[in-house]
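Input: a single structure, listed below in structure tokens.
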Amino acid sequence: MNSRLFCALPALLLLSACTDPSSPEVAASADETPVEANVEAALDAEPTAADEATNPLLIDSTLPYGLPPFDQIEDEHYAPALEFGMAEHLEQIQAITGNPEAASFENTIVAMELAGQTLANVQRIFSNMLGVDTNDTLQAVQREFAPRLAAHSDAILLDSDLFARVLAVYEQRDGLDLSPEALRLVERYHTRFVRAGALLDEEQQERLREINAELAGLGAQFSQKVLAEVNDS
């Protein structure tokens, strides 16, 4: 997961990251890891307006600096793009946790940096649209996905297998001959996981998931209420 996305998901700022605590689409069964449960949930929610081949949010932009093709993006493109981005991201995380090789800087830290690019891009565009040209449709998407994106973040940051790999790299960091930048990245990932609750027990993590989802939903409601009051004044 790239560091920009990693910061954005837990923070749940402009997008207010998610919707409905009952979205334990994150709550896995006894035989599923949180990541596997989220992959299944995201893939079950088939895009309705567009797919990877036609959704302009999911196609590499040919514009200067990779700017979004706003003339082609419609309101109905956002939800399918978020669905796709979450599913793709979780598959990429599964590839990391399922790697039979011992955890290393390259196959764990770098791999997480490269994961989630699609979702991060869609979130950036959506967040900006919410801020400058929102409407009832976009706000409905925000309310729906705020708790779900919070759950998505928790499924990654609270995944014990993923944290075990991060911890393994962190504990051997001084002997890896890393550059100062790479060493800092390892330390930041470890800190993010710990602060997100990776060291909590199972019951505490479950409560944390509930709190994060509720906060995300309330955050979306609050931002929309403030906007409505500003527009009415």
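What you are looking at is a predicted structure, and each value in this text was computed from that prediction instead of being measured.
Looking at every heavy atom in both residues, S223 comes nearest to Q142 through OG-NE2, 3.4 Å. Shortest non-hydrogen contact noted between L114 and Q117 is O-CG, 3.2 Å. For A115 against I93, the heavy-atom pair with the smallest separation is CB-CD1, 4.4 Å. Here the closest heavy-atom approach between residue L158 and residue A196 is recorded as CD2-O, 3.3 Å. I96 and T108 get closest at one heavy-atom pair: CG2-CA, 4.2 Å. Closest approach of L200 and Q205 over heavy atoms only: O-NE2, 3.3 Å.
Remark: of the listed residues L57, L63, I59, L63 is the sole one forming a side-chain contact (heavy atoms from CB on, under 4.5 Å) with S61.
Although no hydrogens or angles enter the test, the distance criterion places a donor-acceptor pair under 3.5 Å between the side chain of T97 and the main chain of Q94. Between the side chain of Q172 and the main chain of A168, a donor-acceptor pair closer than 3.5 Å is present. Formation of a donor-acceptor pair under 3.5 Å by the T134 side chain with backbone atoms of G131 is not found in this model. For the pair D133 (side chain) and M129 (backbone), a donor-acceptor distance under 3.5 Å is absent. Although no hydrogens or angles enter the test, the distance criterion places no donor-acceptor pair under 3.5 Å between the side chain of S153 and the main chain of L149. Remark: the backbone N or O of L119 is not paired with any side-chain donor or acceptor of E88 at under 3.5 angstrom. Side chain of N55 to main chain of H77: a donor-acceptor pair is present (N/O by atom type, distance under 3.5 Å, no hydrogens or angles).
Within 6.0 Å of CG in D177 there are 12 or fewer heavy atoms belonging to other residues, nucleotides or ligands. Within 6.0 Å of the CG atom in D136, the count of heavy atoms belonging to other residues, nucleotides or ligands does not exceed 12. Residue F222 places its CZ atom among 12 or fewer non-hydrogen atoms of other residues, nucleotides or ligands, all under 6.0 Å distant. Crowding of D60 atom CG: a count of heavy atoms from other residues, nucleotides or ligands under 6.0 Å not exceeding 12.
Salt bridge status for R207 with E210: present, with a side-chain N to carboxylate O gap under 4.0 Å.
Atom CD of Q221 is separated from atom CG of L218 by 5.5 Å, given to the nearest 0.5 angstrom. Rounding to the nearest 0.5 Å places OH of Y170 at 6.5 Å from OG1 of T191. If you take CG on N99 and CG on N107, they are separated by 5.0 Å, rounding to the nearest 0.5 Å. In this structure, I156 CD1 and R192 CZ are separated by 13.0 Å, a value rounded to the nearest 0.5 Å. Rounding to the nearest 0.5 angstrom, the gap separating the CG atom in L82 from the CD1 atom in I125 is 10.0 Å. Atom CG in D75 sits 4.5 Å away from atom CG in L138 (nearest 0.5 Å).
Contact annotation: the side chain of F105 never approaches that of R173 to less than 4.5 Å [non-hydrogen atoms, C-beta and beyond]. Side chains of E171 and L167 form a contact here, defined as non-hydrogen atoms less than 4.5 Å apart. Q224 has its side chain within reach of R143: a pair of non-hydrogen atoms, C-beta onward, lies under 4.5 Å apart.
Taking the six-membered ring for Trp and thresholds of 30 and 60 degrees, Y78 and F126 have ring planes inclined between 30 and 60 degrees apart. Below 30°, between 30° and 60°, or above 60°: for F163 and F193 the angle between ring planes is below 30°, a parallel geometry.
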Side chain to side chain contact (heavy atoms under 4.5 Å, CB included) for E106 and E101? Distances and angles first, verdict last. CA-CA 11 Å; E106 290 293 334; E101 298 179 1; over 6 Å; no
**Prompt:** Can you list the steps and then say if L130 with V141 is a side chain to side chain contact (heavy atoms under 4.5 Å, CB included)?
**Reply:** CA-CA 10 Å; L130 283 172; V141 173; over 6 Å; no
